[in-house]
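Read through the structure below, which is laid out as structure tokens, and then see the notes.
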Amino acid sequence: MSNIYIDWSKMITSEMKAEKEDAELLAAVEAELVKRRLEADKVIVPLQDAVDLEMATPEESALLLEWKRYRVYLSRVPQQVGYHKVITWPEKPADA
């Protein structure tokens, strides 16, 4: 009869599995947050330039405010109750 050897260091508990899944969810949410923030920054920069240079149309000025407001809402996503498991994403403004 052969001896059976169990390496308990390789054991994965349900708690360990839940922690791993939670960490993966957090990473995915943070990646989505970065993606949305980069998109907002990409739209805001040229609009802000137009405003700074006094070249913005009234529509561009209004759009700039909408996108800045959106970016502020994005910065507050991590403060939501239940973050990162339950998220209410802010609504993205119309494209520039």
Side-chain angles (χ1 to χ4, degrees):
M1 185 178 222
S2 64
N3 290 334
I4 298 174
Y5 175 74
I6 299 174
D7 184 355
W8 292 104
S9 68
K10 304 293 183 195
M11 187 175 83
I12 298 174
T13 65
S14 58
E15 291 83 15
M16 293 165 68
K17 184 177 179 183
E19 286 175 11
K20 181 180 184 257
E21 290 170 354
D22 189 58
E24 289 171 350
L25 177 60
L26 177 59
V29 167
E30 288 177 343
E32 180 65 22
L33 195 53
V34 167
K35 176 184 160 206
R36 289 174 185 233
R37 174 63 192 261
L38 289 172
E39 178 184 17
D41 291 345
K42 185 177 177 181
V43 174
I44 289 170
V45 168
L47 290 171
Q48 186 64 59
D49 289 347
V51 168
D52 291 348
L53 295 170
E54 298 179 0
M55 297 171 65
T57 65
E59 294 80 14
E60 289 171 326
S61 295
L63 191 58
L64 175 62
L65 291 176
E66 288 180 40
W67 276 95
K68 283 185 170 185
R69 190 173 293 113
Y70 172 70
R71 188 168 59 178
V72 169
Y73 290 142
L74 285 176
S75 73
R76 294 180 178 166
V77 165
Q79 299 167 8
Q80 293 179 7
V81 175
Y83 177 81
H84 57 285
K85 296 177 183 174
V86 177
I87 297 174
T88 301
W89 292 104
E91 189 173 330
K92 182 174 78 168
D95 290 329

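These numbers come from the heavy atoms of this one structure, side chains and all, not from hydrogens, waters or symmetry mates.
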What's in the same ILVMFWY side-chain cluster as [X], cut-off under 4.5 Å, chained through other members?
X: M16; answer: I12
X: V72; answer: none
X: V45; answer: none

Going by side chain to side chain donor-acceptor pair (under 3.5 Å), name the residues that satisfy it together with E59, two or more places apart in sequence or in a different chain.
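Residues passing side chain to side chain donor-acceptor pair (under 3.5 Å) with E59: T57.
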Mind checking side chain to side chain donor-acceptor pair (under 3.5 Å) for K42 and listing every partner two or more places apart, or none if nothing turns up?
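Counting only residues at least two positions away or on another chain, K42 forms no side chain to side chain donor-acceptor pair (under 3.5 Å).
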With sequence neighbours left out, what residues match [X] under salt bridge (Lys or Arg N to Asp or Glu O under 4.0 Å)?
X: E15; value: none
X: K85; value: D22
X: K68; value: none

Cluster link L65 to V51, ILVMFWY, side chain under 4.5 Å:
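No, it is not one cluster - the side chains of L65 and V51 are not joined through contacts under 4.5 Å.
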Is a side-chain N or O of W67 found less than 3.5 angstrom from the main chain of A94, in a donor-acceptor match?
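Yes, because the side chain of W67 sits within donor-acceptor range (under 3.5 Å) of the backbone of A94.
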To the nearest 0.5 Å, what is the distance between CD on E66 and OG on S61?
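Those atoms lie 11.5 Å apart.
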If you look only at pairs with a residue in residues 49-58, which of them pass as a salt bridge (Lys or Arg N to Asp or Glu O under 4.0 Å), with sequence neighbours excluded?
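For residues 49-58, and leaving out neighbouring residues, there are no salt bridge (Lys or Arg N to Asp or Glu O under 4.0 Å) pairs at all.
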Can you name the side chain to side chain contact (heavy atoms under 4.5 Å, CB included) partners of M55, sequence neighbours left out?
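Partners of M55 under the side chain to side chain contact (heavy atoms under 4.5 Å, CB included) test: L53.
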Mind listing the side-chain donor-acceptor pairs of residues 27-36 below 3.5 Å, one per line with the distance, residues two or more places apart or on another chain?
{"unit_1": "E32", "atom_1": "OE2", "unit_2": "R36", "atom_2": "NE", "d": "2.7"}
{"unit_1": "E32", "atom_1": "OE2", "unit_2": "R36", "atom_2": "NH2", "d": "3.4"}

Restricting to pairs with a member in residues 69-83, which pass side-chain hydrogen bond (donor to acceptor under 3.5 Å, both in side chains), not counting sequence neighbours?
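Residue pairs passing side-chain hydrogen bond (donor to acceptor under 3.5 Å, both in side chains), neighbours aside: D41-R71.
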Counting only heavy atoms not in E91, do more than 12 fall under 6.0 Å of its CD?
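It does not: E91 CD has 12 such atoms or fewer within range.
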